[in-house]
Every structure is written in structure tokens, then in C-alpha cells.
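Reviewing the structure listed below.
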Amino acid sequence: SSTDGPKSAHFDICSKNLKYKFSENAFNTNILKRHSGQYYTLPPTHIQKLFPYGLPPRFQLQIKTFNEGCVMVRPPALELISYLKRADYSKPPLRYVLYGDIGTGKTMSLCHALHYCYSQGWLIVHVPDAHLWVKNCKELLPSSSRPSRFDQPIQASQWLKNFKITNERFLSKVQLERYVWTKRESTEKGQPLGELIDQGVNRMKSSSDVVGAVLRELRLQAGGATEGEGAFKLAVAVDGVNALWGKTSLKKEDRTMCEPEELTLIHNLRKMMKNNWSGGAILTALSQTGSVFKPRSAYLPSELLGEEGFDNMEPFVPVSVSNYNEKEFESCYLYYLDRNWLQHPHSRSEEGKKELIFLSNKNPSILERLCAFL
Amino acid sequence: MAASVTRPALSSLCKINSNINGIYSLTSFSRRISISSVLSTSAVTTETEAAGRGVRGQRRSKRQAGEPRTERMTVDQDWTAVYPTAASFKPSAVPLPVRMGYPVKRGVPPAKKGNLELIKIPNFLHLTPVAIKKHCEALKQFCTEWPSALDSDEKCVKHFPIQVQSKEFVSAGLSLRNPDVRIVTLKVKLSSLNLDDHARKKMIKLSEERYCKDTDTLTITTDSCPLRQQNYDYAMYLLTVLYHESWKTEAWEQEKTRADMEEYEWEDSPSQKKVLDTLLRMRALGAKDEVEEGTREELLGQPAVQEYRDTMLRLKNEGETEENLQQYKEAVKKLFNI
């Protein structure tokens with residue numbers, strides 16, 4: 001950065017304003033507005049706990065490379081966080097749907113809002129990609145509890161493990177009701193949640209039903225006891241929510257296509273999406289990239305959700321996510337320069353910057369992929 | 001050889017005439033002879049060529065082509081005299097610098113002279129506006145007058161809402177007939193028919209793809225009968241039947257479901273139920289919600305709910321766009337007091 005004089009000075013000044021450390025009052029509205037367009041670092045402990053599989057894969061690689069996870073503060077996330085702050089949690093939960101073109105940052109905004117919820121001490125139910133539950137499942141067992149449904153033990157136990165990592169502090173606090181699994185096994189009333197999850201992880205056969213039971217319990221208890229130990233707010237975050245009402249690519253044993261309704265996991269998650277409980281919020285993001293049988297140009301809610309999905313999700317608050325504007329692009333470019341990610345000498349010049357703008361159209365994911373080559 | 005014949009004649013003639021005139025006549029005579037010899041040699045050679053040298057190919061006497069007719073054309077000439085009927089393209093008679101064909105390498109399409117492509121294609125040089133005018137003038141004596149009351153398009157459509165189209169074909173071939181002549185197309189606008197709401201929807205459903213929503217036109221094309229008269233009668237019959245059937249209401253029409261509806265209606269839709277549920281739940285949480293008529297009407301009458309209804313109708317009927325979504329967002333925010 002000492003090669004060209006005036007530019008390096010400008011860039012040094014900017015780099016001081018580029019990042020700020022995450023702190024206790026990081027989510028204060030005024031501070032957030034002031035830092036709009038800049039990056040803030042996620043504390044590593046939070047990344048480990050909150051996002052074992054939640055972040056987009058390329059971003060996880062970036063965290064490993066740069067040794068830090070920096071998220072840009074952008075208007076959609078700010079909007080979501082402001083709604084979350086102002087909402088009344090004695091009423092049914094509001095549903096927020098993040099929509100936008102491919103690569104504009106929907107998953108990242110969702111993760112940012114989720115980080116806010118985590119820092120406020122909410123219980124997080126995070127499904128990183130619902131599309132993973134409707135395609136490429138190696139094992140599809142007929143359900144033990146209901147004859148017409150199918151279980152996915154691998155996906156269910158994976159999700160339970162992640163849930164355990166994220167919500168460790170709640171595991172002993174939430175008390176359960178009585179559930180009967182088989183003739184010999186049952187969960188007694190009053191047992192903590194942690195035991196149920198352990199059982200689900202160990203016994204793969206009933207793990208999907210365990211997931212259903214967990215979700216049901218959380219729904220019933222969220223915001224229920226507003227005083228005392230058991231009070232918690234529930235944040236349900238689903239990425240790729242259009243998978244719940246789309247088509248699957250799974251086949252049953254008689255070679256017919258499986259409907260999403262017939263999968264236990266999907267069925268239970270759909271129940272979670274309804275607003276017949278209270279004391280939390282439902283944050284979702286649409287996603288075309290993993291979706292099954294949807295055209296690439298579809299990005300509006302009714303296109304991706306379909307009629308059934310739209311009817312189920314509404315009334316929801318649509319939040320639009322778009323490409324970077326000038327300031328955000330500037331800050332992303334400076335961040336990459338700061339981390340020495342842009343090695344090519346031409347990329348540090350004005351013309352190089354203009355080329356990057358032209359090639360990527362200020363789309364975050366395309367810019368990231370382009371810069372990876374430089 | 002004729003040449004050898006003339007020479008002894010020449011010599012004998014010279015001897016005869018040398019006494020009469022002198023050198024002058026001799027020279028003129030010789031000149032005449034020479035000219036005739038030249039002419040006759042060429043004529044003779046062609047004959048001999050034709051007789052003896054036919055194998056090698058013919059070298060015809062090239063009669064020089066005169067200047068093309070285009071050079072002598074004035075700007076205000078009568079074009080109908082140049083192309084009175086349909087004729088192939090004559091490059092010397094068409095004064096336009098037309099080029100046609102695949103370009104030569106690193107060049108341009110070939111010029112019109114000797115261009116087979118231009119001759120192959122059909123041209124309408126015989127149908128210029130001037131020519132058409134002349135045809136019309138000639139045909140006028142066979143026509144009746146246009147009714148003076150119908151002087152605008154709207155009046156025509158108002159008095160004659162049904163348009164019937166059919167084609168005539170004239171061809172000179174083994175047979176004068178063309179089977180496509182029997183096709184009859186009938187076009188009518190549904191707004192000019194006397195239909196109420198139910199009848200209009202039923203008619204549109206019955207006619208399926210023959211109805212165009214943008215122009216509100218029903219198009220019936222018939223070609224199943226062999227004669228044009230029969231097809232016309234059939235088309236009129238179809239129109240009559242459609243009209244009368246759409247006015248009737250059958251018993252099974254009571255079973256019309258939401259999926260059959262043409263437009264989205266918010267009343268009794270799942271969306272309305274959900275909004276009601278949510279609002280009720282928001283109001284009295286924990287209490288048993290028994291929906292009384294009064295509270296229901298009251299809830300639905302709120303301006304926020306009305307706005308939500310408008311945005312939903314717009315979203316569903318007009319399709320989804322960014323602006324529609326923004327309006328929907330505003331409506332939802334107002335509904336839930338964010």
C-alpha cells in the first residue's frame with residue numbers, strides 16, 4: 001500500500017472506518033445507522049456456536065482465509081433488526097421474507113439479524129437450507145409413528161446436533177411434556193430438553209419425530225411464562241423457505257415422487273411457520289439456487305413460493321435485498337484491499353475498480369468470485 | 001473457293017475495261033470487288049464454319065446491344081406502361097440500382113445485371129399505387145356507392161359488429177378451384193353483445209382460446225364444410241348457440257370452486273380468514289375466540305384491513321411486481337402497527 005502516494009493515504013483513512021468491533025451495544029440503532037456500509041467483525045465464539053452450518057459456504061471459506069468473519073451492515077438487515085426491536089412479543093409472530101435476485105445477500109442479511117437475536121439471548125431455531133431436506137436424501141424410512149409419512153434420520157440428527165451447539169444454555173431450562181416413543185421408551189413430563197435431544201441424536205430411527213416434538217414444545221412454551229426462569233423468545237430462521245411448498249426430488253419405493261407434505265421434517269416445519277403461537281419472530285429467506293424445478297430468473301415471492309406457499313406464509317412482510325450501491329461497493333473493495341486479497345496490481349487502480357464494477361454489476365457474490373481470481 | 005473464282009474474273013474484267021475508262025473506273029471497280037470480297041469472305045467463312053467446324057463451338061456474330069431502356073426513362077414516366085402485367089424482373093427495364101445475393105468474397109452482393117436471384121423471386125412491380133389507382137378507376141363502373149351514413153370506423157363497428165372474412169383465390173392452372181376458399185372467419189366483440197356478468201364469464205370459458213382478452217374479440221374459424229356458404233351458416237349457428245347457452249344457468253354451475261374463478265376475490269379467501277384469525281388473536285390472547293358477527297364486520301371494516309385487501313387484489317390479479325410488493329409491505333406494516 002506504499003506504492004502509490006495519495007491513494008494509499010486515502011485508503012488508510014478509510015480503513016480506520018472500515019471495521020468496528022462487535023460490542024455490547026453494537027446493535028444500538030444509531031450506531032448501526034452510522035456504520036451503514038461498513039463491516040463489523042463477528043466474535044469467533046459466536047461464529048462457532050451460532051453458525052456451525054448457517055453461513056453461506058463461500059463465506060465460511062473466507063472466514064478461514066482471513067481469520068476473521070466480517071459482515072457488512074446493509075439496509076435490509078437494518079430494516080429487519082428495527083422491526084424486531086419494535087415488534088410486540090405478546091402477539092403472534094410476524095413473518096419476514098427476504099427476497100431478491102441471486103447473490104444479493106439474502107442469507108447474509110438473515111444471519112446478521114439472527115446474530116442480533118442471539119446477542120439478545122433468544123432461542124434460535126435455524127434451518128440453514130431447507131432445500132437440503134427435500135433432495136439428495138440417501139435414507140428415506142417410513143415413519144414409525146404415522147404410516148403415510150417418511151423420515152429422514154440423517155438430516156434430522158444432523159440438525160439436532162447443530163441445535164444443541166447453538167442453544168446450549170437453554171437445554172436444561174426448558175421442561176417437556178410426556179411423549180411416548182415406542183412401547184418401552186417414553187419421555188416423562190418435566191424432563192429437560194437436553195435429554196430429548198440426546199435421545200434423538202443417539203437413536204436415529206426416531207430422530208425426525210424428536211425434531212417434531214422439540215419444535216412443538218418450543219412453540220408452546222415461547223413467551224409463555226413471561227416471568228421467571230423459563231421465559232425466552234423464539235427466533236425461527238429458515239433459509240430457502242420455498243422448499244417447504246415446492247416439489248421434492250425424492251422418490252418413494254414404488255418410484256413415485258414424494259410430496260413435501262409426506263416428509264415428517266417438512267410437515268413439522270410447516271406447522272412452525274404458522275402464526276398460531278406467540279413470543280417470537282419468524283425470519284425467512286427465499287432461495288432459488290438450491291430449489292428444485294424452479295427457473296433461474298424467478299426471484300419474487302409468489303414465483304418461488306407458489307400459490308400454496310404464498311397463502312400459507314401471508315400476511316408477511318417482504319424485505320427486498322438488492323445489489324451493492326456505490327458506497328457499499330467502495331467499502332467491499334477497500335476491505336479486500338485491506339486484507340491483501342486483491343493481489344493483481346491493476347486491481348488497485350481506478351481503472352481496475354471500474355472494471356470490477358462493470359464485470360460484477362455490483363452483485364456481491366459475483367464480486368467475491370471475481371476477486372478470488374485476482 | 002469463290003475467291004479464286006473472282007480473281008480470274010477480275011483479271012479478265014481488268015483487261016476488258018482497261019480500254020473503256022481508265023484507271024479511275026478500274027480502281028472503283030476493284031474497290032467494289034474488294035468490299036464484296038470482304039463481305040463474301042466473311043459470309044463464306046460462316047457457312048463453311050457451320051458446315052465443317054461445328055465441333056469446336058460457335059462464334060456468333062455479336063450484335064451489339066443497344067443502350068438499356070433505363071437510360072431513356074424520365075422521372076415522371078408512366079410506369080404502368082413499363083410493367084403493365086406481372087412479368088419477371090428485367091434489369092434493363094428497372095431503373096433501380098438493386099443488389100441481391102450472397103456477397104462475393106470481401107465484396108458486396110452482386111449487381112442486377114444478369115442476376116438470377118432477382119429473376120427467380122416474385123416481384124410486384126406491376127402493382128404500384130398508380131397501377132392500383134388505374135385498376136380502381138376501371139372497376140368503379142361495376143361498384144355501388146358506399147353508404148353515406150357510415151363515414152367513420154366507430155359507426156361501422158356499431159351498426160355491423162360482426163365481421164366475416166374469407167379469401168378468394170385466382171389461379172391459372174389445371175384447375176381453377178382452391179380448397180382454402182371454404183374457410184370463413186367470424187370476428188365479434190363481446191362488448192357489443194348483450195351479456196350480463198355471469199353470461200360473459202360463461203361465454204369466455206366456453207370459447208376458451210378463441211377469445212382474446214386484450215382486444216375483447218371472439219374469433220370463430222370454420223372450415224369443416226366443403227362450401228363457403230355452409231361454413232358461414234355454421235359459424236353463425238355457433239355464435240347463436242354460444243350466446244343462448246351462456247345465458248342459461250345449469251344445475252352443476254353451483255359447484256364452481258375457487259380454482260375455477262377467473263379473478264381473485266378476497267371475500268371468503270384463505271387470505272381473509274388468516275387476517276381475521278391473526279387480528280383476533282392479537283386482540284384477545286388467551287381468551288376463547290368466538291367469532292361474533294359484530295366483531296368480524298368491525299375488524300374487516302378497519303381501513304388498514306381494507307388497504308390490505310386492495311393490495312392483495314392487485315398482487316393476485318395484476319401479477320407481482322416490485323411496486324406491488326412495496327405496497328403490500330406498507331399495508332402489512334400498517335396492519336400490525338410496526
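Every chain is numbered from 1, with letters handed out A, B, ... down the list of sequences.
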Test item: A/Ser302 and B/Leu315 side chains (from C-beta on) under 4.5 Å apart, heavy atoms
no

Measure the shortest side-chain to side-chain distance between B/Lys329 and A/Glu79 over non-hydrogen atoms and say whether it is less than 4.5 angstrom.
yes

Salt-bridge contact B/Lys316-A/Asp311 (side-chain N to carboxylate O under 4.0 Å):
yes

Which heavy atom in [X] sits nearest to a heavy atom in [Y], and how many Å separate them?
X	Y	result
B/Tyr328	A/Phe316	CE2-O, 3.3 Å
A/Pro318	B/Leu325	CG-O, 3.9 Å
A/Pro315	B/Tyr308	CB-OH, 3.4 Å

If you count the non-hydrogen atoms of other residues, nucleotides and ligands that lie under 6.0 Å from [atom1] in [X], is the total more than 12?
X	atom1	value
B/Tyr232	OH	no
A/Lys327	NZ	yes
B/Lys256	NZ	yes
A/Glu307	CD	no
B/Asp196	CG	yes
B/Arg210	CZ	no
B/Lys205	NZ	yes
B/Tyr264	OH	yes

To the closest 0.5 Å, what do you measure between CG (A/Leu300) and OG1 (B/Thr321)?
8.0 Å

Out of curiosity, A/Arg95 CZ to B/Phe336 CZ, how far, rounded to the nearest 0.5 Å?
8.0 Å

The interface call for B/Gln326 against chain A, heavy-atom contacts under 4.5 Å, is side chain

Measure distances from A/Asn312 to the heavy atoms of chain B and classify the residue's part below 4.5 Å as side chain, backbone, both or neither.
both

Under a 4.5 Å heavy-atom cut-off, does chain B meet the side chain of A/Tyr99, its backbone, both or neither?
side chain

